[in-house]
Amino acid sequence: MLSRARALEEIAGQRFEVVVIGGGVTGAGVALDAASRGYSVALLERGDYAVGTSSRSSKMVHGGLRYLQNFDLGLVREALLERQLMVQLAPHLVYPTPFLVPALGEERRDRKVGIGLNMYDVMATTRVGRSRRELRSAKPDDEGSYWSPDRHRTIDRDEVLELVPALASRDPKDAYLFYDCQTDDVRLVLTVLGEAERFGAVTLNGAEVTEVLFDNGRAAGVAFVEEDSGERAEVHADHVVNATGVWADRIRPEEVVEEEDVPRIAPSRGTHLLLDRADLPMGEAACVVPAGEGRAIFSLPWYGRTLVGTTDNDFDGDITHPRPAGDDVEYLLDAVNAFFGTSLGTSDLVGAYAGVRPLISTGDPRKSVDISRKAELYETSSGMLTITGGKLTTWRRMAKQTVDRLVEREGREAPCHTAEIPLGMEARPEDLEAPPGVGEEALAQLAFRYGHAARKVLDLVREDPALGEPIAPGRPDLLAEATIAARHEQARSVADVLLRRTRLGILAAPALRDAAAVRPVAERLGAELGWSRRRVKREADAWPAVAAAEGVDPAASAGPVD
Ligand SMILES: Cc1cc2nc3c(=O)[nH]c(=O)nc-3n(C[C@H](O)[C@H](O)[C@H](O)COP(=O)(O)OP(=O)(O)OC[C@H]3O[C@@H](n4cnc5c(N)ncnc54)[C@H](O)[C@@H]3O)c2cc1C
């Protein structure tokens, strides 16, 4: 990624064909799609990349088994095809995980789940929806080149316990096993942005769009304020795309629009908890956990921890800093304790976070669980396009839908290429050469997170072995990653590194409670960004307040507050 200074220079006062507002997965996808079709593209993000919902998801790239209940078949099918494509395009970053639906004690397997899984299997196949002619002309190894999940199956007690040791005390009888995929949502966004830049897009964070500019009643660019200097700048563009997720209805062109032209967001909050793997050992598999009233939550292995989530409740609080609600934490812990026979409490949590879904309100007073996850593209009379709703999994489709509209508007011949553009470059841990002191766990994590670019992190450690130190005791994230974050990923604060370049802020919150613990990160950032000693101290000192505002550490004495 370009440095911020360079990106600002290339954007401020300049003209692009497309300007994208919002650096979550949707905006990143639009930037990649448009740039790879030959458009000149600028992307502006108010805070840090993925700071909104795209760092706060359940980290699943999935079809969404539960949407089958609502007969959202089109959505599930689309997401399942995207899931398959993502594993192919980013094999280092999007990986299949076995998911179990266990039957405990005398319980019988729920046949309705079995029926749903049969549908899920059928919908996941790339054969569905192809005409006979297409099937006949498909090359024999065509499908073999895609990752394709095995069909769901039933596994016996022993296999259940091997996959999910946390169920040892619960006498599981058997379980349905099916596959879905997992990722690191922020790294997905950064990877897509990196690809967009390869195609010429220029992206800048810390740049809040404050105004849409008009030319003869048409949206013709935006004005933004650069965070460090507080200065206003303009960028002119033929097309303006609003990809601000849950904030989408706040960016309105100034001319009058029909009310039905503008999306109305009905925010819904989802809380997640992180536990030490020793307290709830998930092994290599995830589990669907009943959570009362027909609802279910997930317990997932993630970065060597156990991730539990999520809730789904209408939310009218601060959408910029949604915090895990106290009753949501309790609800999730109760469900986990009842299912696994544990007695885990708030003090056992190693992290927590909450996110707000950009659900589109249809004016229907139904609860958010029933509102569709469908993405919607709106075009207001100024020509500004707003794309919101949807899922992390379906970012590519959302981007395609948006850029298809631009292409159609201009009558260009510019087909979408994103189904063929690899996201980053794959590397397996065994492809990487570890400098002394860097262990296998760190190597595996670096390969997952950066793919081939992990070599840059390792080169830094070779140059300066002190950078091979872990950021948090016992975790495989290396100090060199803070340097990489500042040098190549536009990170500007300790929070950028702890919450979004690494995920330590939610994976090891108690170990990073005070400023002294994060001082080495501030020092690495300072060395790259030219901070004074005083500034380094100030930035380290700022972290505990950020952590408190985000509610990442419910185990700290105060506990989560609504
Ligand atoms: C609890 C929860 C769990 C989820 N789990 C999953 C899952 O497992 N799998 C899945 O597929 N999906 C999941 N989702 C959905 C998915 O996370 C979202 O659909 C997706 O991340 C939305 O991305 P986005 O880019 O549209 O929005 P965001 O990521 O919110 O991005 C919008 C960006 O716009 C920026 N912005 C706002 N205003 C301005 C401005 N004026 N100027 C410049 N920038 C601005 C914001 O700072 C933000 O970064 C989940 C969502 C939630 C809340």
Side-chain angles (χ1 to χ4, degrees), residues 19-31 42-64 66-67 75 78-80 82-83 86 94 180-183 185-186 188-189 192-193 203-212 222-227 240-252 263 265 267-272 286 297-298 300 302 307 309-313 315 319-322 324 328 353-360 368 373-376 386-399 402 500:
V19 64
V20 182
I21 316 170
V25 76
T26 308
V30 172
L43 177 143
L44 299 168
E45 161 56 46
R46 173 174 60 183
D48 187 20
Y49 301 118
V51 70
T53 311
S54 298
S55 56
R56 301 159 186 273
S57 77
S58 303
K59 288 79 169 106
M60 288 190 285
V61 175
H62 66 158
R66 78 188 169 101
Y67 307 132
L75 178 74
E78 179 180 300
L80 283 170
E82 288 303 303
R83 177 187 76 167
M86 287 310 119
V94 181
D180 253 324
C181 293
Q182 289 182 273
T183 190
D185 44 9
V186 179
L188 184 62
V189 174
V192 174
L193 285 170
T203 75
L204 179 67
N205 61 4
E208 176 169 9
V209 170
T210 49
E211 233 178 289
V212 175
V222 298
F224 66 95
V225 174
E226 196 281 316
E227 199 175 307
V240 177
V241 177
N242 168 15
T244 54
V246 83
W247 295 272
D249 54 2
R250 300 187 183 188
I251 307 256
R252 289 190 184 202
I265 304 292
S268 143
R269 175 169 57 184
T271 294
H272 294 85
I297 59 168
F298 291 105
L300 307 139
W302 191 64
L307 172 63
T310 179
T311 52
D312 196 341
N313 297 314
F315 182 60
I319 56 174
T320 305
H321 299 288
D328 281 357
Y353 62 93
V356 186
R357 296 176 183 80
L359 301 186
I360 298 161
S368 65
R373 263 62 172 164
K374 260 197 355 231
E376 300 282 358
T386 293
I387 177 79
T388 190
K391 288 156 53 106
L392 187 78
T393 309
T394 53
W395 65 269
R396 201 194 62 83
R397 294 266 181 147
M398 293 167 72
T402 310
R500 289 172 293 274

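As the structure lists them, so they are numbered: ligands from 1, and atoms in each ligand from 1.
- Residues passing the ring pair (Phe, Tyr, Trp, His ring centres under 6.0 Å) test with H272, sequence neighbours excluded: Y353.
- With hydrogens and angles left out, the side-chain atoms of D185 and S54 include no donor and acceptor closer than 3.5 Å.
- In this structure, T402 has no side chain to side chain donor-acceptor pair (under 3.5 Å) partners at least two apart in sequence or on a different chain.
- Atom NZ of K59 and atom CG of L188 lie 11.0 Å apart (nearest 0.5 Å).
- Take R500 and apply the salt bridge (Lys or Arg N to Asp or Glu O under 4.0 Å) test, not counting sequence neighbours, and it matches D48, D496.
- Here the side chains of M86 and C181 are not in contact, with every heavy-atom distance at 4.5 Å or above.
- Taking a heavy-atom cut-off of under 4.0 Å, ligand 1 is surrounded by I21, G22, G23, G24, V25, T26, L44, E45, R46, V51, G52, T53, S54, R56, S57, S58, K59, M60, H62, A207, E208, V209, A243, T244, G245, W247, I251, G270, H272, T310, G355, V356, R357, G390, K391, L392, T393.
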